[in-house]
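Report on one structure; see the data block that follows.
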Number of protein chains: 2
Amino acid sequence: MSDGLPPQMGQSLLFLTDEQLRKGIEAMFFAYRGFTADPDRILNDKSYGRAHHRAIHFIHRSPGTTVNNLLSILGVTKQSLNRVLRTLIEDGLVASTVGQRDKRERHLHLTEVGAALERELSDAQRDRMRAAYRAAGPDAVAGFRQVLEAMMDEETRHHYEAMKDRPE
Amino acid sequence: MSDGLPPQMGQSLLFLTDEQLRKGIEAMFFAYRGFTADPDRILNDKSYGRAHHRAIHFIHRSPGTTVNNLLSILGVTKQSLNRVLRTLIEDGLVASTVGQRDKRERHLHLTEVGAALERELSDAQRDRMRAAYRAAGPDAVAGFRQVLEAMMDEETRHHYEAMKDRPE
DNA sequence: TTGGAATGTCAACAAAGCTGACGTATTGTC
DNA sequence: GACAATACGTCAGCTTTGTTGACATTCCAA
């Protein structure tokens with residue numbers, strides 16, 4: 001069969017054809033739906049949304065983080081984050097404490113209830129990720145991460161790298 | 001250095017630790033931002049949104065598709081899609097024609113103007129994808145696609161597969 | 001032929017993003 | 001000590017994109 005490409009362009013560059021790139025784009029689109037599907041179901045039952053999940057996730061990852069820091073990680077405005085944060089604090093999932101050194105800052109922590117929801121959400125999300133990893137194998141996983149990292153914006157990658165090797 | 005795991009659990013299963021899974025989850029989150037960033041900028045200038053991009057993309061991919069079919073691919077309600085579709089039709093980017101066999105159906109096509117925007121958007125998105133692919137290399141790309149496909153819902157994967165090997 | 005299923009449209013509402021303006025407390029600087 | 005800058009919260013209002021509910025049109029099968 002002919003691939004319509006000059007013979008010197010073999011497997012080595014075949015992954016850069018528009019066709020291959022399009023498949024990657026569509027794979028990314030469809031996979032992201034699966035990626036968020038399980039947490040979305042849990043959140044929906046509790047009348048929270050994806051925005052709450054994101055806040056909870058990164059507060060869990062960086063306990064004591066400030067509002068400003070969370071803002072730059074999430075890449076949203078403070079008004080938008082504030083709406084979400086307010087409901088989480090009102091509902092007793094997140095605790096906000098005035099900073100010791102700098103009293104203008106608020107340090108954010110998950111309460112026991114918040115931590116419980118975080119576990120429920122990340123368990124669900126990890127289950128799917130684990131199944132995908134298992135199905136694809138270790139080499140595929142390494143490639144998966146490489147491509148994703150190369151796809152990030154410069155600033156975003158800094159956030160990712162900073163987060164990356166922090167203990168659980 | 002110790003990885004805190006029993007010695008018989010070497011590299012082979014290391015990719016399934018919660019730590020590794022968490023990195024994958026965060027990589028997916030941050031990468032998706034990059035994935036949509038370039039089209040988003042273009043769309044913003046033209047006061048369209050991501051939903052318009054998705055509609056345009058899949059109408060381009062399946063010319064003559066019906067509203068119902070598009071609905072199940074995009075995974076949204078018909079009311080939500082209809083709003084987007086209406087503006088695209090009003091603005092002359094999409095043509096909607098009554099079905100021959102079944103007059104309830106509307107068949108959707110891109111106009112010349114619509115096709116031009118589609119090219120602009122997919123060029124931008126492909127550029128980033130190409131850079132990521134090039135940086136990661138062919139083996140990584142294969143793994144990337146494998147993991148993404150394994151991450152999809154069953155039904156979603158059917159849509160993806162159906163789309164996959166259709167000529168450009 | 002008629003009643004139900006399928007397709008698509010209109011209306012109203014909710015979640016979550018945005019900008020802009022403003023208030024307050026605190027910090028750091030001249 | 002005065003004053004600018006920073007961190008945070010909030011109000012108002014707008015946009016995008018999702019939702020449900022109600023409805024018109026068309027098709028098909030009993």
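All values below were derived from every heavy atom in this structure, side-chain atoms included, with hydrogens, water molecules and symmetry-related copies excluded. Not measured: the values here are computed from a predicted model. Naming convention: chains lettered A, B, ... in sequence-line order (proteins, then strands); numbering from 1 in each chain.
Residues Glu26(A) and Lys164(B) are not paired through a salt bridge, judged by the lack of any N-O separation under 4.0 Å between the basic side chain and the carboxylate.
Closest to the side chain of Thr77(B), from the set dT20(D), dT10(D), dG17(C), is dT20(D). The side chain of Arg104(A) lies closest to dT27(C), out of dT19(C), dT27(C), dT19(D).
Between the side chains of Thr87(B) and Asp91(B), not a single donor N or O lies within less than 3.5 Å of an accepting N or O. In the model, Thr36(A) has a side-chain atom that pairs as donor or acceptor with a side-chain atom of Arg50(A) under 3.5 Å.
When each of Gln79(A) and Arg50(A) is assigned the nucleotide of DNA chain C bearing its nearest heavy atom, the one mapping closer to the 5' terminus is Arg50(A).
Within 4.0 Å of His107(A), counting heavy atoms only, lies no atom of the nucleic acid at all. At the heavy-atom level, Lys78(B) lies under 4.0 Å from base atoms of the strands shown. Using a 4.0 Å heavy-atom cutoff across all strands shown, Gly75(A) reaches sugar-phosphate atoms only and no base atom. Arg83(B) comes within contact range of at least one nucleobase, with a heavy-atom separation under 4.0 Å.
We find that CG of Asn82(B) is positioned 14 Å from C1' of dA22(D), with the value rounded to whole Å. As a whole-Å value, the separation of Leu85(B) CG from dT9(C) C1' is 11 Å. The nearest whole Å value for the distance from the CG atom in Asn69(A) to the P atom in dA7(D) is 11 Å.
For Arg54(A) and dG17(C), the shortest distance from a side-chain N or O to OP1 or OP2 is below 4.0 Å.
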